[in-house]
Amino acid sequence: IDQELQTPLDMRAWSVNWLRSAVLVRILLHTGMHSVEVRVLRLGDIRLGDMRGVVHVCGRRERRVPLDGPTCAALRVWISVRPDQEADWLWLKGDRLEAHLLSGRAIWRACRRMALLAGLDPQAVSPRILRNTRAHNLLVAGESPRVVRRLLKFSSLKIPLRYL
């Protein structure tokens, strides 16, 4: 999925719904955020730099989540094609992209769309799998389990050790 999402997101080649799906899955895959955290993001929660960015996640466990360069670029593309609405939700739902909170079902559909695009079994890709993949990738890259626990807000140090 990540390789497919690294191809340039050409606004003319992707419909707005598919573009939203691609950026949504990229954020899930590269931040390890819960789908509930992602669906309630607002435009003001995001700070995009040239090479790095940060998402301020509100909720039970408030935190700041770093963004890499390609994810920042994908977010910039989404924000540029996102229809102007009075509401400041990052994601807009429906075919007409109305200013309503995105549903959990829409997030699952986005995961299935991108799994099919990447040639994967759509039943094998979910927001939880993308979060687990983020934990695994951090550990494989040499991050300590304590750092992974802090970044992903796991309740115990035993949880990131499962992904080694």
Side-chain angles (χ1 to χ4, degrees), residues 1-9 14 17-43 45-79 89-91 93 101-164:
I1 289 176
D2 193 40
Q3 289 175 352
E4 188 65 38
L5 293 179
Q6 286 179 9
T7 60
L9 297 174
W14 289 63
N17 278 327
W18 277 82
L19 181 63
R20 180 190 66 202
S21 294
V23 176
L24 184 61
V25 169
R26 185 166 210 0
I27 286 178
L28 288 168
L29 185 62
H30 286 276
T31 64
M33 292 170 61
H34 289 281
S35 61
V36 172
E37 295 171 329
V38 171
R39 69 184 280 253
V40 297
L41 285 176
R42 295 184 176 271
L43 292 171
D45 296 334
I46 300 168
R47 300 284 180 259
L48 300 176
D50 291 335
M51 298 303 293
R52 293 269 177 212
V54 68
V55 174
H56 181 97
V57 180
C58 299
R60 200 176 77 195
R61 295 180 177 165
E62 192 170 318
R63 68 185 195 274
R64 297 194 184 282
V65 179
L67 299 172
D68 61 359
T71 303
C72 288
L75 269 168
R76 272 192 211 91
V77 170
W78 166 246
I79 291 170
W89 299 113
L90 177 61
W91 314 108
K93 80 172 193 178
L101 186 64
L102 192 65
S103 68
R105 181 176 287 166
I107 293 174
W108 277 79
R109 271 196 305 270
C111 290
R112 287 190 195 109
R113 280 180 177 167
M114 294 302 106
L116 284 170
L117 187 64
L120 300 172
D121 177 13
Q123 301 302 320
V125 178
S126 69
R128 172 63 61 185
I129 293 296
L130 296 174
R131 180 172 164 80
N132 295 349
T133 301
R134 175 64 175 161
H136 172 77
N137 289 345
L138 285 169
L139 291 167
V140 167
E143 286 292 348
S144 77
R146 290 188 197 290
V147 171
V148 174
R149 176 181 176 252
R150 183 180 50 79
L151 282 173
L152 300 182
K153 289 295 184 188
F154 288 130
S155 59
S156 164
L157 189 57
K158 292 179 184 178
I159 296 172
L161 293 175
R162 294 179 195 166
Y163 302 110
L164 282 174

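Here, residue 1 is the first one in the sequence, and each next residue gets the next number.
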Evaluate the criterion side-chain contact (heavy atoms from CB on, under 4.5 Å) for residue pair Asp45 and Leu90; output intermediate values, then yes/no. CA-CA 9 Å; Asp45 296 334; Leu90 177 61; over 6 Å; no
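- Salt bridge Arg63/Glu37: present, at least one basic N to carboxylate O contact under 4.0 Å.
- Of all the heavy atoms in Pro66 and Thr31, the pair that sits closest is O-CG2, 4.2 Å.
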Donor-acceptor pairs are to be reported for all side-chain atoms of residues 49-57 against protein atoms at under 3.5 Å, with residues two or more places apart or in another chain.
residue: His56; atom: ND1; partner: Arg64; partner atom: NH1; Å: 3.0
residue: His56; atom: NE2; partner: Glu62; partner atom: OE2; Å: 3.0

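- Val148 and Glu143 make their closest contact through CG2-CB, 4.0 Å (heavy atoms, listed as atom of the first residue, atom of the second, distance).
- For Ala110 against Leu24, the heavy-atom pair with the smallest separation is CB-CD2, 3.8 Å.
- Listed here is the closest heavy atom pair of Ile27 and Trp91: CD1-CZ2, 3.8 Å.
- For Thr71, the side-chain hydrogen bond (donor to acceptor under 3.5 Å, both in side chains) partners at least two apart in sequence or on another chain are Asp68.
- In this structure, the side chains of Leu48 and Leu67 come closer than 4.5 Å at one or more pairs of heavy atoms.
- The CZ atom of Arg20 sits 9.5 Å away from atom CD1 of Ile107, with the distance rounded to the nearest 0.5 Å.
- To the nearest 0.5 angstrom, Lys153 atom NZ is 11.0 Å from His34 atom NE2.
- How far SG of Cys72 is from CZ of Arg47: 12.5 Å, rounded to the nearest 0.5 Å.
- Here the closest non-hydrogen pair linking Val40 and Trp89 is O-CZ3, 3.6 Å.
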Using distance only, find each side-chain donor-acceptor pair of residues 115-129 under 3.5 Å and give its atom names and separation, not counting sequence neighbours.
residue: Asp121; atom: OD1; partner: Gln123; partner atom: N; Å: 3.1
residue: Ser126; atom: OG; partner: Arg128; partner atom: N; Å: 3.4
residue: Ser126; atom: OG; partner: Ile129; partner atom: N; Å: 3.2

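- Here Arg150 pairs with nothing under the salt bridge (Lys or Arg N to Asp or Glu O under 4.0 Å) rule; sequence neighbours left out.
- Considering every non-hydrogen atom in both Leu152 and Arg131, the closest pair reads O-NH2, 2.6 Å.
- Side-chain contact between Arg134 and Leu138 is present, with at least one heavy-atom pair separated by less than 4.5 Å.
- Partners of Arg76 according to the salt bridge (Lys or Arg N to Asp or Glu O under 4.0 Å) rule, which considers only residues two or more places apart in sequence or in another chain, do not exist here.
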Name every donor-acceptor pair, under 3.5 Å, that has one atom in a side chain of residues 154-164 and the other anywhere in the protein, sequence neighbours excluded.
residue: Ser156; atom: OG; partner: Lys158; partner atom: N; Å: 3.1
residue: Tyr163; atom: OH; partner: Asn132; partner atom: OD1; Å: 2.9

